[in-house]
Number of protein chains: 2
Amino acid sequence: MATGLRELKKQQTRQAISSAATRLFIERGFETVTIAEIAAAAQVAKMTVTNYFPRKEDLALDYHETFAAGLARTVADRSAGESALAALRREFLAGVERHDAVIGFSSQGFARMISDSPTLTARLRDLHDQREDALAQVLAADTASAPGDLTARAAAALLGAAHRTLFEHIMDLTREGRSNRQIASTVTRSAHQVFGLLETSLADYAMR
Amino acid sequence: MATGLRELKKQQTRQAISSAATRLFIERGFETVTIAEIAAAAQVAKMTVTNYFPRKEDLALDYHETFAAGLARTVADRSAGESALAALRREFLAGVERHDAVIGFSSQGFARMISDSPTLTARLRDLHDQREDALAQVLAADTASAPGDLTARAAAALLGAAHRTLFEHIMDLTREGRSNRQIASTVTRSAHQVFGLLETSLADYAMR
DNA sequence: CACATTTTTAGGTCAGTCCTAAATTTATGT
DNA sequence: ACATAAATTTAGGACTGACCTAAAAATGTG
């Protein structure tokens, strides 16, 4: 299993489709480009596009697993004596330094493509939601909360809301044409402000 | 203008379509019922269904204006000396007593219809989002916040997250078959807990 | 009652999603 | 090395929701 050639070809096909799609989307907008055009540009059958990317949105937002699992992973991996809030803030600030796509960094063309498309903004909301659900599960397990107890879900909702707000802030600045470096500087302050808002509410929650 | 007969017929047509749709959706699920079937059941043309309800989801979730404007209205109407958080908590608790659909009360069939349909859960997320945006606008205007200041958006996100968490909690209990009276009793406690979480963060925010 | 306006209808186009069966390509066992 | 198995890609089509246009029907107004 996992033989080289077949796997290689699959990755090449996937990459060819993804590249063609991204180019067309940024050129002409997500909604006006059809799957048939993408297939033609990548020189594959329409069905092959669908096989690799079940929904059209997946062609533009291809990091769902990484994105959806991020917050839960950060909390699961936090060190002793660190609260969930502290771990998420630390990791977010590190992401700012990295200009990480997972917290909202991209290019002006990409940011415009997303905000110009109702389909893609809806899909992004969906990803934020999955991310929050995964976080809620980790928090519930970690704090051994009783079934029916809302605390973990509420905390996940608040922490998810903070991340989503900062994500949208980064996207706004990106659309305005600011450089990633300048955005990083601005958002570092924003992050301290937004996480600071939750400090008094969640400072002791899910302390390991 | 606004002559009686024409307006009456429109309302009747709208009601006939909505009733047929609701009945079919609860019987057989949102996704498997087609617009053509709804049109046939209501004895109108397919296009008439689309004219009244531009998206299929509107046939099941018909309170978008009321829903989306609710939080913003509550905050705009709050009395002197009341914070945004206090006003929203007060109004939510009143909604619990009313068994208000806007905060999540419905029937088991309705709740199941929604959670069984990805399209409808996505649409519900969208409504929560619009509601949060409207709240953010009111908060920004009311606190005279500088452009680029994230505080209003962050506060709206946290308050919206609280409402969404409680909404989902009510839907969960409804799906489990609890009576609205029992749900009201449980959710009153949940609301105090969830809004209490935000007390230390937002007690002084947007005090009028 | 004739005329203007609004609403409904019929018919069609288009794109995204899903399905099936066949053809092609790659891997594996003898 | 070759036959066989497995995985991938292809072609074609079905179905639905969304959208469009022109005509028909219903309603309100002078």
Whole-Å distance separating the CG atom of L59(B) from the P atom of dT16(D): 16 Å

Spacing of I38(B) atom CD1 relative to dT9(C) atom P, expressed in whole Å: 15 Å

If only side-chain N and O atoms of Y52(B) are considered, is one of them under 4.0 Å from the OP1 or OP2 phosphate oxygen of dT8(C)? yes

Side-chain donor-acceptor distances from residues 110-120 of chain A under 3.5 Å, at least two apart:
from	atom 1	to	atom 2	distance (Å)
S115(A)	OG	A111(A)	O	2.9
S115(A)	OG	R175(A)	NH1	3.1
S117(A)	OG	E31(A)	OE2	2.7
S117(A)	OG	T119(A)	N	3.3
S117(A)	OG	L120(A)	N	3.0
T119(A)	OG1	E31(A)	OE1	3.4
T119(A)	OG1	E31(A)	OE2	3.1

So, R123(A) and D129(A), do they make that salt bridge, N to O below 4.0 Å? no

How long is the line joining CG of N51(B) and P of dA10(C), in whole Å? 13 Å

Return the nearest nucleotide to the side chain of T48(B); candidates are dT8(C), dT27(D), dT7(C). dT8(C)

How long is the line joining CD of E37(B) and C1' of dG17(D), in whole Å? 13 Å

Would you mind classifying the nucleic acid contact of V49(A) as base, sugar-phosphate or nothing, using non-hydrogen atoms under 4.0 angstrom? nothing

With a 4.0 Å limit, can you tell me whether K10(B) has a side-chain N or O closer than that to the phosphate oxygens OP1/OP2 of dT7(C)? yes

May I ask you to evaluate whether T13(B) reaches the phosphate of dT8(C), defined as a side-chain N or O under 4.0 Å from OP1 or OP2? yes

Residues in residues 109-125 of chain A with a heavy atom under 4.0 Å of DNA chain D, by number, are none

Sequence neighbours left out, what passes side chain to side chain contact (heavy atoms under 4.5 Å, CB included) with A191(A)? Give chain and number order. F92(A), L93(A), L166(A), F195(A)

The criterion is side chain to side chain contact (heavy atoms under 4.5 Å, CB included); which residues satisfy it with S18(A), sequence neighbours excluded? T22(A), F53(A)

Looking only at the side chain of K9(A) (C-beta and beyond, no hydrogens), which of the listed nucleotides dG16(C), dT8(C), dT26(C) gets closest? dT26(C)

Residues forming a side-chain hydrogen bond (donor to acceptor under 3.5 Å, both in side chains) with E168(B), sequence neighbours excluded: none

N-O pairing of K46(B) and E37(B) below 4.0 Å: no

Euclidean distance, atom CD of residue Q11(A) to atom C1' of dT26(C) [Å, nearest integer]: 16 Å

Sidechain N-carboxylate O distance under 4.0 Å for E176(A), R178(A): yes

Should E97(B) and R181(B) count as an ion pair when the cut-off is N to O under 4.0 Å? no

Atom pairs under 3.5 Å: protein N/O with N/O of nucleotides 17-24 of chain C:
from	atom 1	to	atom 2	distance (Å)
dT17(C)	OP2	K56(A)	N	3.2

Indicate yes or no: does D62(A) engage R14(A) in a salt bridge with an N to O separation below 4.0 Å. yes

DNA chain C: 5'-proximal contact among K46(B) and Q43(B) (nearest heavy atom): Q43(B)

Quick one: L8(B) CG to dT6(C) C1', roughly how many Å, whole number? 15 Å

Shortest side-chain distance from A45(A), nucleotide among dT7(C), dT26(C), dT10(D): dT10(D)

